[in-house]
Structures are given as structure tokens and as C-alpha cells.
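Reading through the C-alpha cells given below for one structure.
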There are 2 protein chains.
Amino acid sequence: MDNGPRERRKSATRLALHQAALRLALEHGPDRVTVESIADAADVSRRTFSNHFAGKEEAIFYGDLLRLRRLLDLVRERPADEPPRTALTRAATALLAESDRLDPAWVAQRRLLRGHPSLIAHQVAAYAAVERELAAELGPRGADELRSKVLAATFLAALRAATRHWLEHPDRTLAEWVTEALS
Amino acid sequence: MDNGPRERRKSATRLALHQAALRLALEHGPDRVTVESIADAADVSRRTFSNHFAGKEEAIFYGDLLRLRRLLDLVRERPADEPPRTALTRAATALLAESDRLDPAWVAQRRLLRGHPSLIAHQVAAYAAVERELAAELGPRGADELRSKVLAATFLAALRAATRHWLEHPDRTLAEWVTEALS
DNA sequence: TTCCCACTGGGCAAACTTGCACGTTGGGCA
DNA sequence: TGCCCAACGTGCAAGTTTGCCCAGTGGGAA
């Protein structure tokens, strides 16, 4: 983390592109949004958009990617001798504790997904990549290769299920659903 | 005027540096402000400051420079057959009409000048350069070389005098003082 | 079908910003 | 007086953004 003006500017434009993409997608529907309109909304050239994202879907899901990477970091921050399942549960709890103020953009993003199967392809690809990283992180904690993969897959699946469930039953907090799902 | 993202960003940086410089100079005094602190306040590197301004004084007076350049443009916008003095008067009136919402930063800037003679050197240099440009603009309107220079000099001097007077006697508007001074 | 056109992805050079390094300067202190 | 050091100005290479370019794609009209 260099934290000089250069890095700050770079992630600022990336964030601006993501937020513009998400806002426009929610506003007009994901299909009626052009890369150019996103770039304009972020006060950046179309070319610069391509420097950051391979397509509008990637820009829309950038927030999700950040969230997943944060989860990975939290897992890595767990003590190295912690058993795999404990580390995963604690990391998930920590992630939810960080974002207790429920990010409305993220909720909107989730709802956006439901009606647009084309977007889901990118979503699962992103999750698959993170899943591999997550499994790799579990090896050093005493899980063989297969068990690592299974744990990572089921863990993320449980998270997704709890989130989906929460969107339909907001009567309890997301944290509660997640805790229950992980048990 | 290209008005693409690049130009917008560039003048935004310049403006941010100017405003940071002015704010810090008013806050701590012009002598106790370093180039680095200005750059930090504008979220820009020290090197970038040097790419825009030769020194902190230039950054502080950038607003003045913009104002003078705007005056020059207004003179150029006057009909080409308008006699020199009329064009000058009308341009000054137009400039005042544009900035009727009295820019508090500009007022503060003027007050800042009064206690710091070192800053005045830069100020007069800037005015001298504009004065030459202004004189050059008067030639095509039927004034010989000497008369152009005299007109430009007296015109700017009258503006400065009216402004100074207004700072001490804010009981009438700047526009009124200027109109009176130019007559 | 064929043509047209908006949208897209990406190569390329130029512009802008940045980090680093180096030499200079001017004020404070031993 | 001589030394030290913060602030400054600037050359240079690398990173980022931009404008312009061209080729590929897909959907709609002739």
C-alpha cells in the first residue's frame, strides 16, 4: 500500500467507474448502458475504462470483488494455527461486523443480479477465482487438497445462500442468517 | 478549449493548487507556507506543483491572473470598431457584472496583499505583462503606440485604485467605484 | 440477404503526474 | 565564522490517462 497521490488517484478513478457503472445499470438496466456513458459519468475517457475493466460487467461487479478480496484478507489475518473451519467462520463474522452499516449500493447490486442472467456468468467466474485462492489459503491450516476445495466451495456457497435468503427475508439481520447457515 | 477529460483534470489540479495555496496563506501567513504543504493539501506531489507554478506566490495569484485574462478576453470581444476607451469601460463593466457575487476568496486575497510587500512584486509583474497585452489590443482600435500604452496603464491603474478604495469604503459597490474612477 | 451503424476492444504516441535524486539557497546555531 | 538542514527548483524515468486510430461484432433497415 503505497498511499501516494498516484495510488490514491488510480483507485479513485477505478471506484468512480465502478460506481458510475452500477448507478447507470440500476437506472437504465444493464443492457442499455454503454461503456462510453459510464466513462462520461466518471469524467474519464472511454479508453481509460478499458485500462481498468475488461467490460461493463467487470466494472459493475468490482464492488463484489473488493468484498471477496477483503474476505480473503480476513482469512489470512486469522492465526495460522487456527483450524480451517474456525478461521472461515471468524473471518465471515469479522467481514459482516465491518460492514454493519449495510451498503445500499451492494444490496441494489444483489437485486440487480436476480433479473439478469447474463450478469451471473461474470459473477460465478469471479467467485470461482476467489474460491481457488481461498482453498489455497486453507492448505497450510491442515486440510488436504480435496478437503480445502470442499471447504472453500461449501463455505462460499453457504454465504451466497444466506445472502439470497436474507434478501427475501429481511426480518433478521444478514449476520444472523450467515451464522445460522455456517453452522 | 478542448474540454476533454484531460483538460478538465489539468485545470482542476491547477485550481486546487491555487485554492490550497490561498487558503493556507490566509491561514498561516504567506511566509509560513511551504510548497509541500500546498501540494499535500491539493492531494498532489510537490513535483506537480512545480509543473504548474514557478513558486508559491504564482500559485497564490493565479486567481488574479485568471481575472485579468478574463478582462483581456472581454476587451477582445468588444466590436472591433469601438473606440479604445469605450471598449475598456464596457469590458470592465462586463467583468464586474459577471462576478457580481463577490468572490470572498478574491477579497481575502486583496487583503492578504496589503500586509506582505514581498507578494506585491509578483503582483506588479503580472499586471505589467497584462498591461502590455492590453496595449497591444488597443492598437487595432485606432490608438497610436504611445496612446495605447498610456491608456492601458491608466485604465489598469484606475481599476486598482477603485478596488483599493472599495476595500476601505465598502459602503458603495465595487462597480460604482469603478464606474466613477473610469470617468 | 446484404448493408449500415453503434458499440466494443485494443495498439500507439503524446500529455500529465509522480517518485527519486541532485545541487542550491538562506536562516539558525555552535 | 562555519556547519546544518529545511525548503526549493529541476532533470529524468516510470506510471497513468487520453485522443485517435482501426478491426471485429451484432442487430436492425433496405
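Worth saying up front: this structure is predicted, and the values here are computed from it rather than measured. Per chain, numbering begins at 1; letters A, B, ... match sequence-line order.
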ask   = Taking only side-chain nitrogens and oxygens of A:S45, does any of them come within less than 4.0 Å of OP1 or OP2 of D:dT18?
value = yes

key: Under-4.0 Å side-chain N/O to phosphate OP1/OP2 contact, B:K56 with D:dC8   = yes

message = Can you confirm whether B:Y127 sits close enough to B:L159 that some side-chain heavy atom of one is under 4.5 Å from a side-chain heavy atom of the other?
response = no

key: Atom-pair distance (CZ on A:R47; P on D:dC22), nearest Å   = 15 Å

ask   = Rounded to the Å, how far apart are A:R6 CZ and D:dA14 P?
value = 12 Å

ask   = How many Å lie between CD on A:E7 and C1' on D:dA14, as a whole number?
value = 12 Å

key: Any donor-acceptor pair under 3.5 Å from B:H18 side chain to B:A59 backbone   = yes

task = State, with a plain yes or no, whether a side-chain heavy atom of A:L17 is found less than 4.5 Å away from one of A:Y62.
result = no

Whole-Å gap separating P (D:dG27) and CZ (A:R32) = 14 Å

message = Would you say that B:R78 contacts B:R141 through its side chain, given a criterion of any heavy-atom pair below 4.5 Å between the two side chains?
response = yes

remark   = Between B:T34 and A:F49, whichever has its closest DNA chain D nucleotide further toward 5' is B:T34

Rounded distance (Å) that lies between atom P of D:dG15 and atom CZ of A:R14 = 15 Å

query = Roughly, in whole Å, what's the span from CZ in A:R8 to P in D:dT16?
reply = 15 Å

Nucleotide of D:dC8, D:dC20, D:dT17 approaching B:R46 most closely (side-chain heavy atoms) = D:dC8

query = Contact class for A:T48 vs. all strands (heavy atom < 4.0 Å): base, sugar-phosphate, or nothing?
reply = base

message = Both B:T13 and A:S50 contact DNA chain C. Which one's nearest nucleotide lies toward the 5' end?
response = A:S50

note = Its 5'-most and 3'-most nucleotides having an atom under 4.0 Å from a non-hydrogen atom of chain A, DNA chain C is contacted over C:dC7 to C:dG19

B:T93 side chain vs B:T89 backbone, donor-acceptor pair below 3.5 Å = yes

request  = Look at A:R9 and D:dT16 and indicate whether a side-chain polar atom (N or O) is within less than 4.0 Å of OP1 or OP2.
outcome  = no

message = In the structure I gave you, are the side-chain heavy atoms of A:K56 and A:L24 within less than 4.5 Å of one another anywhere?
response = no

A:E145, CD: over 12 other non-hydrogen atoms inside 6.0 angstrom = no

